[in-house]
Amino acid sequence: MKEELVRKAYEVAKARYAEIGIDTEKVLTQLQDFHLSMHCWQADDVKGFEVQAGALSGGIQSTGNYPGAARNIDELRADILKAKTLIPGTHRLNLHEIYADFQGKVVDRNEVTVEYFQSWIDWAKENDTKLDFNSTSFSHPKSGNLSLANPDEGIRRFWIDHTKACREIANAIGEAQDDACIMNIWVHDGCKDVSVNHYLYRNLLKQSLDEILAKKQPMMKDCIEGKVFGIGLESFTVGSHDFYTAYAAKNNVMLTIDTGHYHPTESPADKVSAVLQFVPELMLHVSRPVRWDSDHVTIMDDATQELFFEIVRAGALDRVHYGLDYFDGSINRIGAYVTGSRAAQKCMLRAMLEPKDMIAKHEIAGNGFEVLALIEEQKAMPWQAVYDEFCLRNNVPVGSDFIKEIEDYEKTVTMKR
Ligand code: RNT
Ligand code: ZN
């Protein structure tokens, strides 16, 4: 019954979109090729599996104490696989270094090697999933306020070695999966209060990055992520947006845009067409800031929708990689994965369904009213019917049917933890 309704609605939507020159079949194929990089850290509130793990530190925080967080690698893998059955399409998994398979050993950050990721590589292969990677500067006795920008040569060296080791791992993962592994570098470095050594810190960060990135690693891609501020480091951020944008442009490195990392009225979407003139590719960290960089679950809000519109309008689909980055510990975590991933996908679908060429012609001809009206009309076009059809074709629950499945998993699995 439901299937029949979905099919009928899709046929109507298809005809409506054809009227404005959009081939929904083509769009469905395009959407199949849109891969999110799911962040492993939503499943356990960014704890990871280090034997010696301490509390989450380094400018970020996960709030909420909803029961059922993954406590070990098996639980985390099970949760990710469950989430994947409820998200249409094929998606990547984004690992942080602290999610290695340490097998009970204390392995410090500068000692980590690909052997601790072999079981991830095998798991990924078995589950038809490509991996991405992140170095981890937070939640460590040497994290402090400064890592790669630390004037203490010993501490700075430790984090340089860690980040170099991570690039080796990312490259080995890339080789194993025969597809470049994208490695993000985000460090929390900053100052809580007024400070005077800003030039020094940024110069040290530049020197560290120069050394870290010097070695060519053909099967991985580096990206660098700035932000406005971290918790406890409110007054100064070494890796500001100016710093990383300039660094990425000068060194031809991919830039990461985390949608929670800007001033509240600043538009991350507006960065796309600006920075893509100068950097090769972009990595996204799709998140949702509420009053601050709170990392709420992604939804179809205006900021997210606009971001995906800007990517498609720029013709940059193949120059952008789509990571998610939120960690809400106050709700069912698998529900958070599924809701956020589907929301990002829907934003992308809406962007792909926009009759951009038609609107662009009006804009060039100076037809302001037509541009405004056409953009406005798109908001109520039957894109949801196209998304439902996409779910159907991918054998995942249509509409809110996934809620029940997550509730069942909660009853039988996560609540028993
Ligand atoms: C922190 C950055 C960073 C982290 C992850 C866990 O503000 O957004 O990307 O969220 O690395
Ligand atoms: Zn991020």
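When reading the values below, keep in mind they use all heavy atoms of this one structure, side chains included, and skip hydrogens, waters and symmetry mates. Order of listing sets the numbers, starting from 1, for every ligand and every atom in it.
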*Asks:* Are any non-hydrogen side-chain atoms of Gln345 and Tyr322 less than 4.5 angstrom apart?
*Replies:* no
*Asks:* Atoms of ligand 1 less than 4.0 Å from Lys227 heavy atoms?
*Replies:* 1 (C), 7 (O)
*Asks:* Against Phe49, only a single residue in Trp120, Tyr99, Phe102 fulfils ring pair (Phe, Tyr, Trp, His ring centres under 6.0 Å); can you say which?
*Replies:* Tyr99
*Asks:* Between the side chains of Glu410 and Tyr66, does any donor sit under 3.5 Å from an acceptor?
*Replies:* yes
*Asks:* For ligand 1, which atoms have a heavy atom of His285 less than 4.0 angstrom away?
*Replies:* 9 (O)
*Asks:* Considering non-hydrogen atoms only, spot the tightest contact between Pro280 and Val253 and give its length.
*Replies:* CD-O, 3.5 Å
*Asks:* Taking only heavy atoms of Asp293, which atoms of ligand 1 are found under 4.0 Å from at least one of them?
*Replies:* 7 (O)
*Asks:* Spell out the protein N/O/S atoms under 2.8 Å from the Zn ion (ligand 2) as residue plus atom name.
*Replies:* Glu225 OE2, Asp258 OD2, His285 ND1, Asp325 OD2
*Asks:* Hey, are Asp325 and Trp41 close enough side-chain-wise for a donor-acceptor pair under 3.5 Å?
*Replies:* yes
*Asks:* For Glu266, does the CD atom sit with more than 12 other heavy atoms under 6.0 Å from it, leaving out its own atoms?
*Replies:* yes
*Asks:* Of the listed options (His261, His96, Met283), which comes nearest to atom 6 (C) of ligand 1 when hydrogens are ignored and any heavy atom counts?
*Replies:* His96
*Asks:* Give a yes-or-no answer on whether the side chains of Thr245 and Lys271 include a donor-acceptor pair shorter than 3.5 Å.
*Replies:* no
*Asks:* Any idea which atoms of ligand 1 are less than 4.0 Å away from a heavy-atom of Phe327?
*Replies:* 10 (O)
*Asks:* Using 30° and 60° as the class limits, which term best fits the ring planes of Tyr247 and Phe243: parallel, tilted or perpendicular?
*Replies:* parallel
*Asks:* Which one of Glu97, Arg109, His188 satisfies the side-chain hydrogen bond (donor to acceptor under 3.5 Å, both in side chains) criterion with Ser137?
*Replies:* His188
*Asks:* For atom 9 (O) of ligand 1, which of His39, Gln42, Glu225 has the closest heavy atom?
*Replies:* Glu225
*Asks:* Counting non-hydrogen protein atoms only, what is the nearest one to atom 10 (O) of ligand 1? Give residue, atom name and distance.
*Replies:* Asp325 OD2, 2.7 Å
*Asks:* Numbering the atoms of ligand 1 from 1, which are under 4.0 Å from a heavy atom of Ile60?
*Replies:* 1 (C), 7 (O)
*Asks:* Considering all heavy atoms of both residues, which atom of Thr298 and which atom of Ala344 are nearest to each other, and what is their separation?
*Replies:* CG2-N, 4.4 Å
*Asks:* Under a 4.0 angstrom heavy-atom cut-off, which atoms of ligand 1 come close to Asp258?
*Replies:* 8 (O)
